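Structure record follows, encoded as structure tokens.
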Number of protein chains: 2
Amino acid sequence: MTARTSTDTAREIPEATVARLPVYLRALTTLSESGTAVCSSEDLAAAAGVNSAKLRKDLSYLGSYGTRGVGYDVDYLRYQIAREMGATRDWPVVIVGIGNLGHALANYSGFRSRGFRVVALLDADGQRHGEVVAGVVVRPFDDLAAIVHEHGVAIGVIATPAASAQDVADRMVESGITSILNFAPTVLNVGDHVAVSKVDLSKELQVLAYHEQRKATAEEAAKASAAQEPA
Amino acid sequence: MTARTSTDTAREIPEATVARLPVYLRALTTLSESGTAVCSSEDLAAAAGVNSAKLRKDLSYLGSYGTRGVGYDVDYLRYQIAREMGATRDWPVVIVGIGNLGHALANYSGFRSRGFRVVALLDADGQRHGEVVAGVVVRPFDDLAAIVHEHGVAIGVIATPAASAQDVADRMVESGITSILNFAPTVLNVGDHVAVSKVDLSKELQVLAYHEQRKATAEEAAKASAAQEPA
DNA sequence: TCTTGTGAATAGATTCACAGCA
DNA sequence: TGCTGTGAATCTATTCACAAGA
């Protein structure tokens, strides 16, 4: 079954490109708000922190939305990327685990402005039930299936401790959720049809520490070598 | 200047490998806590969520710490990776911007257990000064340079709104910080000698939404095509 | 016999450099 | 003329498959 209809939009967009599209979207929004109507690939690349060849290659996977000799219409390009990303739709999400991080996520305005609507906050701890966070009441974790069904939730966010994350993921999958954003520091085992994305708050810090350490040892080595062999 | 001394440990570790080492470290800690003394590349790969060939290739950049026919000594390998990553050292860090996210970061136990010590919490808002978060007093942003100097801080974390992030970064660089972890949704411009790493809370969600949307349209297309050409 | 460590093969991402078009 | 869009070249990462060694 490799037949394709003419309405088919199945251009294959590389994963690395998909990961950068949100960055371009953000940069275009900033440009638009500062009153820029048209920009070159060079301008947009600078605003997004990439080089212009990469930007043009990325955009070429979506289609041909620029004008040679001129550049890109900021609002038009922004709309095209938003549509491709699904950012023009409304995405109901549930957040499970209302500790410090869950609080921060519930209050994060960046979700709302990108089409994500927090329809429920769930926590297994009865002490928290009834508490209102960011205008949403915290409810029992057992309400998950009902909420997913009622609102047609496809995306779930896990902000629990590592120990409960796999259980939460299993229940999410049972309830019909097919995409999970996992902030718990653990690897989740889910079926192939479920997409899991992971954010590890300390991983990035560890990578920075690695490079710091390399810088430090490289300097020491250079100093020692200069002392030993003073050319 | 390409001369190398014999004590030089300048094996070049690929960036993709460096990004996975924290994951292996976490998996090894879990294995160790569950009483596993020795594991195969297959075991560790499963615990880390990668395939075993990739794991072995990654470890081979660090050296040869396994035993053929047997596997890896969990604690020994864990120590070797930790040392390579700089996780056996103490890394003083400052967090700037003590809103919801700053609170969550200050309270995150995963930093402390990986060698990161929060030596200061800074905020420009005078209302917050004196407040104690996770056992640390919130101080004025202007104390930055003094704190960096006093504790030898190399790594700074930005958890401010986008609008102030560039100013904070500039001040951090002036003060001598050389690695920045940026949670603000904006691209930072810093000199070449400064490493910046960015975590975008909504980016991952947007990538998931993209894949959700693709799944949905693929299903629709299949349905439509089945209706039109009922083989 | 079993599992690591690693060259060779493959796949994927980035960059170059320029043809094509406004 | 100037900037996009894109093949071709390069660089990086992943996977394969097996020799080396406990």
Side-chain angles (χ1 to χ4, degrees), chain A residues 9-24 27-28 31 36-81 84 203 207 210-211, chain B residues 10-24 27-28 31 36-81 84 187 203 207 210-211:
Chain A
T9 38
R11 290 152 302 200
E12 209 41 71
I13 301 183
E15 206 50 44
T17 296
V18 171
R20 282 188 295 266
L21 292 179
V23 181
Y24 301 157
L28 284 165
L31 284 173
T36 309
V38 172
C39 70
S40 67
S41 64
E42 203 67 56
D43 299 336
L44 181 52
V50 301
N51 73 49
S52 63
K54 192 190 279 183
L55 174 85
R56 290 200 303 278
K57 180 64 107 182
D58 283 342
L59 294 184
S60 78
Y61 293 115
L62 308 189
S64 192
Y65 296 127
T67 308
R68 288 167 204 240
V70 179
Y72 302 93
D73 181 289
V74 171
D75 288 328
Y76 178 64
L77 180 59
R78 181 161 66 126
Y79 172 74
Q80 292 300 338
I81 298 179
E84 187 76 37
K203 190 177 105 169
V207 172
Y210 169 79
H211 289 296
Chain B
R11 289 151 303 197
E12 208 42 72
I13 302 183
E15 206 50 45
T17 296
V18 172
R20 281 187 295 265
L21 292 179
V23 180
Y24 300 157
L28 285 165
L31 285 172
T36 309
V38 172
C39 70
S40 67
S41 63
E42 203 67 56
D43 298 337
L44 181 51
V50 301
N51 73 50
S52 64
K54 192 189 281 180
L55 173 85
R56 290 200 303 277
K57 180 64 107 182
D58 283 342
L59 294 184
S60 77
Y61 293 115
L62 308 190
S64 192
Y65 297 127
T67 308
R68 289 168 201 240
V70 179
Y72 302 92
D73 181 289
V74 171
D75 288 328
Y76 178 64
L77 181 58
R78 181 161 65 126
Y79 173 73
Q80 292 300 338
I81 298 178
E84 186 76 36
V187 175
K203 189 177 105 169
V207 172
Y210 169 79
H211 289 296

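Scope of the values below: all heavy atoms of this structure, side chains included, with no hydrogens, waters or symmetry mates. Numbers restart at 1 for each chain; the letters A, B, ... are given by sequence-line order, proteins then strands. Computed from a predicted model, the values in this text were never measured in an experiment.
With sequence neighbours excluded, the residues that form a salt bridge (Lys or Arg N to Asp or Glu O under 4.0 Å) with A/Asp75 are A/Arg78. Partners of A/Val38 by side chain to side chain contact (heavy atoms under 4.5 Å, CB included), not counting sequence neighbours, listed by chain and number: A/Val70. Scored by the ring-ring contact (aromatic ring centres under 6.0 Å, His included) test, B/Tyr79 finds no partners at all (sequence neighbours excluded). Among residues two or more places apart in sequence or in another chain, the side chain to side chain contact (heavy atoms under 4.5 Å, CB included) test is passed with A/Tyr65 by A/Leu62, A/Tyr76, A/Leu77, A/Gln80, A/Arg83.
Taking atom CD of B/Gln80 as the reference point, atom C1' of C/dG5 lies 16 Å away to the nearest angstrom. Rounded to whole Å, atom P of D/dA22 lies 17 Å from atom CG of B/Asp73. The interatomic distance linking B/Leu44 (CG) with C/dT4 (C1') rounds to 13 Å, in whole Å. When rounded to the nearest whole Å, the span between OH of B/Tyr65 and C1' of C/dT6 equals 17 Å.
Between B/Ser41 and C/dT3 there is no side-chain N or O to OP1 or OP2 distance below 4.0 Å. Residue A/Thr67 has no polar side-chain atom (N or O) positioned under 4.0 Å from OP1 or OP2 of C/dA22.
Across every non-hydrogen atom of A/Val18 and A/Pro22, the tightest pair is O-CD, 3.1 Å.
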Using nucleotides 13-20 of chain C, report all nitrogen or oxygen pairs with the protein that are shorter than 3.5 Å.
from: C/dT14; atom 1: OP1; to: A/Arg20; atom 2: NH1; distance (Å): 3.0
from: C/dT14; atom 1: OP2; to: A/Arg20; atom 2: NH1; distance (Å): 3.2
from: C/dT14; atom 1: OP2; to: A/Arg20; atom 2: NH2; distance (Å): 2.7
from: C/dT15; atom 1: OP2; to: A/Asn51; atom 2: ND2; distance (Å): 2.6
from: C/dG20; atom 1: N3; to: A/Arg68; atom 2: NH1; distance (Å): 3.1

Which atom pairs, donor and acceptor, lie under 3.5 Å between side-chain atoms of residues 50-60 of chain A and protein residues at least two apart or in another chain?
from: A/Asn51; atom 1: OD1; to: A/Ala53; atom 2: N; distance (Å): 3.1
from: A/Asn51; atom 1: OD1; to: A/Lys54; atom 2: N; distance (Å): 3.0
from: A/Ser52; atom 1: OG; to: A/Glu42; atom 2: OE1; distance (Å): 3.4
from: A/Arg56; atom 1: NH1; to: A/Ser41; atom 2: OG; distance (Å): 3.1
from: A/Asp58; atom 1: OD1; to: A/Thr17; atom 2: OG1; distance (Å): 2.7
from: A/Asp58; atom 1: OD1; to: A/Arg20; atom 2: NH2; distance (Å): 3.0
from: A/Asp58; atom 1: OD2; to: A/Arg20; atom 2: NE; distance (Å): 2.7
from: A/Asp58; atom 1: OD2; to: A/Arg20; atom 2: NH2; distance (Å): 3.2
from: A/Asp58; atom 1: OD2; to: A/Tyr24; atom 2: OH; distance (Å): 2.5
from: A/Ser60; atom 1: OG; to: A/Lys57; atom 2: O; distance (Å): 2.6

